Amino acid sequence: MSVVLLASVLIFVRQVNGEVPLKHPGYTKAMHSTKADKVYERIDFGPYERLSFEIFQKAYTGFLNLRKEGKVRVDKSILSICDFSKSANQKRLWVIDLDEGRVLFNSLVAHGQGSGEEYTVQFSNKENSHQSSMGFYITDNTYSGDNGYSLRLHGVDKGYNDAAYQRAIVMHGADYVSESFIKGNNRLGRSWGCPAVPKELAQPIINAIKEQTCLYIYYPDKKYLASSVWLKQDIPTEEELIRERYFEKNRSKEPTEVASIPEQKEVAQAPQPDSQTTVQPQYMGVQLAIGGR
């Protein structure tokens, strides 16, 4: 694809989505690194506690890198963040709609009983440890199990949480995740390693984040923060992300004549029914194969 044609595609996508014009030709990844600040500033936290910017920046960096690798959906910009440096008695889970710039949920969330009492002090990736695992997760499909409506999770930080699926670390609701439990026990209840949420919020939270969105369980572990590939990789440029979203949207549609997209700012015309020349978009990204069980 020529440079001119690619530029035309980008202009077209921006117009269709009602977005601002493309950055100038000198736009660089260093300039893009300030995007986390801009996204954070436009988030309406409303009545909820404001999430630390430093933690958001890390979560957002991982989110962008996972999206660049095709591991999270580009048509559903939901980012969920658990701050496990906080007391379990605080609402330390945020579910954020990045496109809308608002917090959907700010909730209590439990850690594993092997990870500590009120505070999380240790983590494990091992079976039967009953400990939580830090790092980035990709949400999968839902199911109904012993804990009711639940959400499967895939850990993508090797050595830290990549055994989560095999360990049956899932998101589910629990009676012990409640203000009443805190009042009676001076701390929140604990799971066997799952990020359990209040029972009454389980279904709406799970429905909001299911099917390939990003969940980040944060803890200020220096070794992890220095080694996670999702925090170390370059943040993709805005143009790269737009291109990925454009082709993702068009995968389920009939092939279109890409060459017919105008270079100017006119509204693009739909191809005529008798058109014979079609070009299938070639940028397909890297897909994450997730199997259910």
Side-chain angles (χ1 to χ4, degrees), residues 36 39-40 43-63 78-98 102-125 129-137 139 153 155 157 160-161 164 169-202 205-206 208-209 213-226 228 230-231:
V39 173
Y40 180 79
I43 296 173
D44 180 10
F45 285 89
Y48 306 124
E49 180 181 351
R50 180 172 287 269
L51 171 68
S52 158
F53 171 71
E54 288 72 23
I55 296 174
F56 174 80
Q57 186 177 44
K58 290 178 174 61
Y60 187 67
T61 298
F63 165 80
I78 301 296
L79 176 57
S80 305
I81 304 169
C82 295
D83 180 3
F84 272 8
S85 67
K86 287 182 170 292
S87 161
N89 298 345
Q90 295 179 274
K91 293 181 178 180
R92 53 183 182 168
L93 166 65
W94 286 261
V95 178
I96 303 171
D97 185 326
L98 298 173
R102 64 191 180 96
V103 177
L104 302 180
F105 301 96
N106 179 211
S107 169
L108 295 168
V109 59
H111 57 251
Q113 60 184 221
S115 287
E117 296 287 332
E118 179 182 341
Y119 287 89
T120 314
V121 295
Q122 55 188 358
F123 296 82
S124 176
N125 195 35
S129 66
H130 293 178
Q131 293 183 26
S132 298
S133 301
M134 69 182 76
F136 287 94
Y137 294 79
T139 65
L153 302 171
D157 272 302
Y160 288 94
N161 66 7
I169 300 301
V170 302
M171 180 174 283
H172 61 79
D175 291 328
Y176 55 76
V177 185
S178 64
E179 296 289 351
S180 60
F181 190 96
I182 294 173
K183 290 179 181 178
N185 298 273
N186 295 320
R187 64 161 172 78
L188 194 71
R190 297 167 299 164
S191 67
W192 281 11
C194 298
V197 297
K199 206 162 189 177
E200 67 276 11
L201 291 178
I205 289 177
I206 288 172
I209 73 174
T213 71
C214 176
L215 166 67
Y216 178 49
I217 293 182
Y218 167 80
Y219 190 78
D221 181 89
K222 292 181 179 180
K223 183 177 179 181
Y224 166 76
L225 294 175
S228 174
W230 309 113
L231 295 174

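No hydrogens, no waters, no symmetry mates; every other heavy atom, side chains included, goes into these values. All figures in this text were calculated on a predicted structure; none of them were measured in a lab.
The salt bridge (Lys or Arg N to Asp or Glu O under 4.0 Å) search around Lys58 returns none, not counting sequence neighbours. Annotation: side chain to side chain donor-acceptor pair (under 3.5 Å) contacts of Asp83 (sequence neighbours excluded): Ser85. Among residues two or more places apart in sequence or in another chain, the side chain to side chain donor-acceptor pair (under 3.5 Å) test is passed with Ser133 by Arg167. Applying the side chain to side chain donor-acceptor pair (under 3.5 Å) test to Asn125 and every residue at least two apart in sequence or in another chain returns Asp162. Applying the ring pair (Phe, Tyr, Trp, His ring centres under 6.0 Å) test to Tyr48 and every residue at least two apart in sequence or in another chain returns nothing.
The two residues Ala59 and Ile81 come nearest to each other via the heavy atoms CB-CD1, 3.5 Å. The minimum heavy-atom distance linking Ser191 with Ala110 is given by the pair N-CB, 4.4 Å. Residues Ala208 and Ile78 approach most closely at O-CG1, 3.8 Å, considering heavy atoms. Across Asp157 and Gly135, no two heavy atoms sit closer than the pair OD2-CA, 3.3 Å. Contact between Ile55 and Leu51 at its shortest, heavy atoms only, is CG2-CD1, 4.2 Å. Taking every heavy atom of both residues into account, Pro198 and Ser107 meet most closely at CD-OG, 3.1 Å.
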Derivation and outcome, side chain to side chain contact (heavy atoms under 4.5 Å, CB included), residues Leu231 and Tyr216: CA-CA 11 Å; Leu231 295 174; Tyr216 178 49; 4.2 Å; yes
Any chance you could lay out the side chain to side chain contact (heavy atoms under 4.5 Å, CB included) test for Leu153 and Thr139, step after step, and finish with the verdict? CA-CA 5 Å; Leu153 302 171; Thr139 65; 4.0 Å; yes
Decide yes or no on side chain to side chain contact (heavy atoms under 4.5 Å, CB included) for Val39 and Leu98, but give the supporting numbers first. CA-CA 7 Å; Val39 173; Leu98 298 173; 4.0 Å; yes
Would Val103 and Asp44 satisfy side chain to side chain contact (heavy atoms under 4.5 Å, CB included), going step by step from the backbone distance to the final call? CA-CA 7 Å; Val103 177; Asp44 180 10; over 6 Å; no
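Here salt bridge (charged side-chain N to carboxylate O under 4.0 Å, His left out) pairs that include residues 181-200, with residues two or more places apart or in two chains, are Glu117-Arg187, Glu117-Arg190, Asp175-Lys199.
Side chain of Asn89 to backbone of Leu188: a donor-acceptor contact under 3.5 angstrom is found. At least one donor-acceptor pair closer than 3.5 Å links the side chain of Trp94 to the backbone N or O of Glu49.
You'll find the side chain of Leu108 reaches within 4.5 Å of the side chain of Ile182, heavy atoms only. You'll find the side chain of Leu79 stays beyond 4.5 Å of the side chain of Thr213, heavy atoms only.
Taking the six-membered ring for Trp and thresholds of 30 and 60 degrees, Phe56 and Phe53 have ring planes inclined between 30 and 60 degrees apart. Taking the six-membered ring for Trp and thresholds of 30 and 60 degrees, Tyr176 and Phe181 have ring planes more than 60 degrees apart, a perpendicular arrangement.
In this structure, CZ on Arg50 lies 12.0 Å from CG on Asn106, to the nearest 0.5 angstrom. The OH atom of Tyr218 lies 10.5 Å from the NZ atom of Lys86; values are rounded to the nearest 0.5 Å. Rounded to the nearest 0.5 Å, atoms CD1 (Ile217) and CG (Asn161) are 7.5 Å apart. Between the OG1 atom of Thr120 and the CG atom of Asp221 there is a distance of 12.5 Å, given to the nearest 0.5 Å. The structure places OG of Ser132 at 7.5 Å from CD1 of Ile169, a figure rounded to the nearest 0.5 Å. Between the CD1 atom in Ile205 and the CG atom in Leu104 there is a gap of 9.5 Å [rounded to 0.5 Å].
The residue from Gln131, Gln122, Arg92 that alone fulfils the side-chain hydrogen bond (donor to acceptor under 3.5 Å, both in side chains) condition with His111 is Arg92. Only one option out of Tyr137, Trp230, Tyr224 pairs with Tyr160 in a ring-ring contact (aromatic ring centres under 6.0 Å, His included); it is Tyr224.
Within the 6.0 Å centre-distance limit, the rings of Tyr219 and Phe123 are counted as a close aromatic pair.
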